[in-house]
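One structure below.
Nothing fancy with the numbering, it's 1 onward along the sequence.
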Amino acid sequence: MSKAVFTGSFDPVHLGHLDIIKRSANMYDEITVAVTVNLDKKSMFDFDTRVEMIKEACKDIKNIKVEACEGLRADYVNKNQFDVEVKSLRNSTDFNYELPLAQMHAKLYKNTETVFLMTDPAYSYISSNQVRQVFSLGGDVSMMVHPTTLSIMNKKGK
């Protein structure tokens, strides 16, 4: 059985993330979406809310698990013995950010390969940072996030 993990801060989860999750679910027997800490970002949502947003948006995907990963990602990946870590790439900026991380993880992960999936061009303009900024300034983000995510965002307010 092949086990993959898709890690990220998902703050909030957007349609580009959901596309990668769905495609990964078709490629691997089991996909775990692991909500991680990003020390460089100030989060809009806490772990529990981000996990809930992903669970709601992915409830029709049968082979998915969603969990919080609060410590070192390598410890989490090694403990759960994933075969693959899926990372998405929108552009060369993402590649330049993700490549050194993948190279470091090649040393830290015991038996896990990093696989890059290119973002569907329809979603290549979306980032969680842009979603947060547009939303906080009163803009319409309905074309960037799942309806349940938008509902949670609206409850939280700007």
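- By the neighbour-count criterion of 12 heavy atoms within 6.0 Å, atom CG of Asn96 is densely surrounded, having more than that number from other residues, nucleotides or ligands.
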Working note: Ile152 + Phe45, criterion side-chain contact (heavy atoms from CB on, under 4.5 Å); need CA distance, chi angles, decisive distance, verdict. CA-CA 10 Å; Ile152 293 168; Phe45 297 100; 4.1 Å; yes
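- In Glu113, the CD atom is not crowded: 12 or fewer heavy atoms of neighbouring residues, nucleotides or ligands sit closer than 6.0 Å.
- Ile54 has its side chain within reach of Val35: a pair of non-hydrogen atoms, C-beta onward, lies under 4.5 Å apart.
- Summarising the local packing, CZ of Phe95 is surrounded by 12 or fewer heavy atoms from other residues, nucleotides or ligands at distances under 6.0 Å.
- At most 12 non-hydrogen atoms from other residues, nucleotides or ligands lie less than 6.0 angstrom from CD of Gln81.
- Connection of Leu89 to Leu99 is established within a shared hydrophobic cluster, with ILVMFWY side chains joined at heavy-atom distances below 4.5 Å, either directly or through further cluster members.
- In the model, Thr49 has a side-chain atom that pairs as donor or acceptor with a side-chain atom of Asp46 under 3.5 Å.
- Two residues are said to be in side-chain contact when any heavy atoms from C-beta on lie closer than 4.5 Å; Val86 and Tyr28 meet this criterion.
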Does the pair Glu67 and Tyr76 meet the rule for a side-chain hydrogen bond (donor to acceptor under 3.5 Å, both in side chains), with working shown? CA-CA 11 Å; Glu67 299 179 338; Tyr76 174 82; 2.4 Å; yes
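- When all heavy atoms of Asp83 and Ser2 are compared, the pair lying nearest together is OD2-CA, 3.2 Å.
- One finds the CG atom of Asn80 at 9.0 Å from the CD atom of Glu30 (value rounded to the nearest 0.5 Å).
- The hydrophobic clustering, which links ILVMFWY residues whose side-chain heavy atoms are closer than 4.5 Å, places Val145 and Val51 together.
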Derivation of the side-chain contact (heavy atoms from CB on, under 4.5 Å) call for Asp11 and Arg50: CA-CA 7 Å; Asp11 188 37; Arg50 287 183 272 159; 3.7 Å; yes
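- Contact of the Thr114 side chain with the Glu98 side chain is not registered, since no non-hydrogen atoms from C-beta on lie closer than 4.5 Å.
- Every residue meeting the ring-ring contact (aromatic ring centres under 6.0 Å, His included) condition with Tyr109, not counting sequence neighbours, appears here in chain and number order: His105.
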Can you list, pair by pair, the side-chain donor-acceptor contacts under 3.5 Å of residues 14-23, counting residues two or more places apart and other chains?
residue : atom : partner : partner atom : Å
His14   : ND1  : Gly16   : N            : 3.0
His14   : ND1  : His17   : N            : 3.3
His14   : NE2  : His17   : NE2          : 3.4
His17   : ND1  : His14   : N            : 3.1
Asp19   : OD2  : Arg23   : NH1          : 2.9
Arg23   : NH1  : Met118  : O            : 3.0
Arg23   : NH2  : Met118  : O            : 3.1

Worked check of side-chain contact (heavy atoms from CB on, under 4.5 Å) between Tyr125 and Met144: CA-CA 9 Å; Tyr125 71 97; Met144 294 184 250; 3.9 Å; yes
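- For the side chain to side chain contact (heavy atoms under 4.5 Å, CB included) test, residues two or more places apart in sequence or in another chain that qualify with Thr7 are Val5, Ala34, Thr36, Arg73, Glu85, Lys87.
- Judged as a salt bridge (Lys or Arg N to Asp or Glu O under 4.0 Å), and not counting sequence neighbours, the contacts of Lys59 are Glu56.
- Looking at heavy atoms from C-beta onward, Ser136 lies out of side-chain contact with Met44 at the 4.5 angstrom threshold.
- Rounded to the nearest 0.5 angstrom, Asp75 CG and Leu108 CG are separated by 8.5 Å.
- Looking only at side-chain heavy atoms (C-beta outward), Asn63 and Asp29 stay at 4.5 Å or farther from each other.
- Considering only residues two or more places apart in sequence or on other chains, Ser9 meets the side-chain hydrogen bond (donor to acceptor under 3.5 Å, both in side chains) condition with Lys41.
- Counting heavy atoms from C-beta outward, Phe6 and Ser88 have side chains that approach closer than 4.5 Å.
- Listed here is the closest heavy atom pair of Met153 and Val131: CE-CG1, 3.7 Å.
- Within the structure, the side chain to side chain donor-acceptor pair (under 3.5 Å) test picks out the following pairs touching residues 137-146 (sequence neighbours left out): Asp140-Ser142, His146-Thr148.
- Remark: Tyr97 OH is loosely packed, at most 12 non-hydrogen atoms of other residues, nucleotides or ligands lying under 6.0 Å away.
- Heavy atoms only, all atoms of each residue included: Met143 and Ile126 are closest at O-CD1, 4.4 Å.
- A pairwise comparison of heavy atoms in Ser124 and Arg90 identifies O-CD, 3.5 Å as the closest pair.
- There is no path of hydrophobic side-chain contacts, each under 4.5 Å, that joins Phe82 to Leu72.
- Contact annotation: the side chain of Asn154 never approaches that of Ser151 to less than 4.5 Å [non-hydrogen atoms, C-beta and beyond].
- Linking ILVMFWY side-chain heavy atoms closer than 4.5 Å, directly or via other members, places Val77 and Val84 in two distinct hydrophobic clusters.
- At a threshold of 4.5 Å between non-hydrogen side-chain atoms, the residues Met27 and Leu117 count as touching.
- The hydrophobic clustering, which links ILVMFWY residues whose side-chain heavy atoms are closer than 4.5 Å, places Val33 and Leu101 apart.
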